[in-house]
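Let me begin by presenting the structure, written as structure tokens, before commenting on it.
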Amino acid sequence: MKVFIQNGHLVDPRQGIDGICDIYIEGGRIQKVRKKKNPAVRSARLPGYRVIDAAGMYVLPGLIDLHVHLREPGYEYKETIRTGTEAAARGGFTAVCCMPNTRPVNDNASVTEFILSRARNEGTCTVLPIGAISKGQKGEELAEFTLMHEAGCVAFSDDGRPVMDSLLMRRALEYSRVHDLPIISHCEDLALAGGGVMNEGLLSVTLGLRGIPAQAEEIMVSRDISLAELTGGRLHIAHVSTAGSVAAVRAAKKRGLAAVTAETCPHYFSITEEAVREYDANAKVNPPLRRKTDVEAIREGLLDGTIDVIATDHAPHHRDEKEGEFDLAPSGISGLETAVGLAMKLVANGMLSMTTLVEKMAVNPARIVGSGGGTVAPGTDADLVIIDPRREYRVDAEKFASKGRNTPFGGWVLPAVPVATIWKGKVYSWE
Amino acid sequence: MGLKTKDLVGIKGLDRDDIELILETASGFKDVLGRDIKKVPALRGKTTVNLFYEPSTRTRTSFELAAKRLSTDVINISVSTSSIVKGETLQDTALTVQALGADFIIVRHACSGVPHFLAPRLKASVVNAGDGTNEHPTQALLDLFTIREKRGKIEGLDVAIVGDILHSRVAKSNIYALKKLGARVRLIGPPTLVPRELGELGVEIYSDMDRGLEDVDIIMMLRIQMERQGKGFFPSTVEYFRNWGLTKNRADRAKKDAVVMHPGPMNRGVEIASDVADGKRSVILDQVTNGLAVRMAVLYLLGGVRG
């Protein structure tokens, strides 16, 4: 199908474009991008094209989420590859990297192949699997990086579980150099975290909930940066939640450690631990929501380039699991369908530019996992998202495409919403 | 005049007027308890369910008696922790109990926040009988009642709370309650069990018990949970007693007329020496009696809200 997007405001830092453009799509690829000198002029009718009028809207390269949990295989009651990729498309993502903590764990090529075959048959965006660092995510011996890479894995992580054994982490960072793939680290000193369920501080004490100190994250961030320095391996730090972690990554980059990158998630730059005050398990997430000073430091880190990526850590859970005792509820937020709106809130408040948003949500993720995409350059896959910045979006979890309705943002009004996502030339729109 | 909510989930949500009202009402019920016939028909025809997810003898018995003295029917349900893991959800159990006609659900649970979760989901009045390490509001209310009974006032008193503050729901509720009524609070214990953050609430924190007890009006001891041993909070019960056990000599550092309280059950020789527990300062058994009056007051007042 041929698609013509006219008069949209294209923000494509890789091509140096930030202005009104017409975009021609054919055969699933970008055919032509033409800057408009006079946007008031409507383009001539194009026979055979589906025309999308994007006047007043942003057109961005399709967003790429480095951190999602699609739950399939094994936890289909929480999410499937079909519903997860649909949620991704709704959220403006044309590619998602899925974490390996499925059942069975994605620690070998056959599980990777299963995920990719499901994605081919049922997916509505590109699925880029992340293989486990260790067999069974047990933190004992390395999984088969080469075989998983050949099957399609783009990075390795034991996400959900930290690699507590420093020697194993060293080996992972060394061995992954064979394919120049990143190790994505879930930084948490489990012993120090002490079975905690929220941020440690006055609030955790007065709620009677076990706290996780910021240091449980920061110690491991520092350890992994040291190991990256030791090994020359590529380290990507997942879900940064504390001011101390931001400072550690900033210092590492200042020392010239180009192989260290970091991500944060919308909830860490949007809300604080106050969200759990009424024992709302939808705000239970790991690492936990922190304090205002941390939120500010993370925004600062996004601004100054310390944090390279905004990822969702989309972690859908079943309603029954989140309704009940806070201590017993699993951690995680269903994040794919609120990420753009929350990031656009930073833009609306003048804390982030559209260019920076595209870098954090498309350009940098593509670079880190070497996936292609992140641009609307002619000849590349036609992966784009159209965002209407004039359309407020009221978050209603019951309307999520994701099976996971677990969000602390229910009822929030966000300043913008994706109105169409185009993946390999196919248009998904909700108008 | 009445309480503002149908539930009592914690002291945090009460204001000073609520607390005063409960104490005043309890005072009336204390008189009833001194009579030959200790029962009033105030809540006849109502049903109270003790829904206990943690073993308890004292608190459950106290609530049961309080409810019976108000003429409600009482059912005790003990849910063992192992069966919640594979059994029905908290919400389903609570709704089932309500469907059986419970007007008051007294809940104790090892997880903090359970009464807060249940209260808005139930029509029945939810009373927190201890949730995790969060609150135990009726214990704090009975402690206030006892302090006022013994010292005539609460405002301006110096109260030392000694022991495992971190894990103690009794301590938490007492801190909030005492601050609301204008007492000065000191927390004494090992730094591993006394969170520094509590200083932000305007309490003083001591690890030196001798200094902490100087000139206080009230010494409130907490039970050391034996399961905390071997978790690195303190090296041994012997060393614990050496540092934070209440001996007669230590108790004498407090004011001459200071009283010693303990929510029970006591670990004699671990947090409190027997001669102090049984000594003239001890008001530990008064606390138990007052607990009945206070719990009657709470049920009675919530019954009034429910109409």
Side-chain angles (χ1 to χ4, degrees), chain A residues 77 189-216 272-285 288-294 317-331 405-406 408 410-411, chain B residues 9-13 53 79 81 84-85 87-95 107 109-121 128 130-136 165-173 175-176 179 187 192-203 205 231-233:
Chain A
Y77 70 96
D189 183 324
L190 277 181
L192 187 55
V197 295
M198 70 169 289
N199 184 46
E200 180 176 304
L202 179 62
L203 188 60
S204 67
V205 174
T206 55
L207 287 175
L209 295 173
R210 272 162 297 161
I212 304 173
Q215 285 74 8
T272 67
E273 60 178 0
E274 283 297 321
V276 307
R277 188 179 278 282
E278 305 298 325
Y279 300 96
D280 179 5
N282 284 328
K284 181 177 175 184
V285 60
L289 299 170
R290 307 283 187 181
R291 295 182 163 201
K292 196 157 169 274
T293 46
D294 297 297
H317 290 292
H318 194 277
R319 191 179 72 107
D320 293 346
E321 298 172 299
K322 283 286 198 178
E323 280 273 298
E325 300 90 333
F326 190 93
D327 279 339
L328 306 181
S331 296
R405 306 285 154 87
N406 46 306
Chain B
V9 296
I11 299 292
K12 262 177 291 194
Y53 286 83
V79 189
T81 317
I84 22 177
V85 175
E88 72 182 341
T89 66
L90 178 63
Q91 175 155 304
D92 287 341
T93 305
L95 288 172
V107 64
H109 202 291
C111 295
S112 300
V114 161
H116 310 67
F117 172 81
L118 292 177
R121 290 168 171 80
N128 184 356
D131 66 318
T133 58
N134 179 41
E135 283 219 51
H136 191 352
I165 310 291
L166 176 65
H167 300 101
S168 172
R169 50 199 178 204
V170 174
K172 309 283 179 46
S173 283
I175 293 167
Y176 311 137
K179 295 298 292 178
L187 306 178
T192 46
L193 293 171
V194 184
R196 284 193 297 172
E197 292 87 345
L198 285 172
E200 295 169 43
L201 295 181
V203 301
I205 293 173
K231 297 273 169 67
F233 291 107

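In what follows, every chain begins at residue 1, and chains take the letters A, B, ... in the order their sequences are listed. The structure presented is a predicted model; accordingly, all values stated were derived computationally and were not measured.
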Side chain / backbone / both / neither for B:Leu201 at chain A, heavy atoms under 4.5 Å:
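Looking at B:Leu201, just its side chain touches chain A.
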Can you tell me which portion of B:Arg121 sits under 4.5 Å from chain A's heavy atoms? Options are side chain, backbone, both or neither.
side chain
Which atoms of A:Glu278 come close to chain B, meaning under 4.5 Å heavy atom to heavy atom: side chain ones, backbone ones, both, or neither?
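Neither part.
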Residue A:Ser204 versus chain B: region with a heavy atom under 4.5 Å
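Neither; nothing under 4.5 Å.
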Hey, does the side chain of [X] reach the backbone of [Y] with a donor-acceptor pair shorter than 3.5 angstrom?
X	Y	result
A:Asp189	A:Ala216	no
A:Asn199	A:Glu273	no
A:Lys322	A:Lys284	yes

Side-chain donor-acceptor contact under 3.5 Å, B:Lys12 with B:Asn134
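On atom types as modelled, these side chains qualify, holding a pair under 3.5 Å.
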If we define contacts as heavy-atom pairs under 4.5 Å, which of A:Leu209, A:Val197, A:Leu203, A:Leu207 has the most with chain B?
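Most heavy-atom pairs within the cutoff with chain B belong to A:Leu207.
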Pick whichever of B:Thr133, B:Asp131, B:Leu118, B:Ile165 has the most heavy-atom pairs under 4.5 Å with chain A.
B:Thr133
A:Asp327 and B:Ala110 have their tightest heavy-atom pair at OD2-O, 4.4 Å
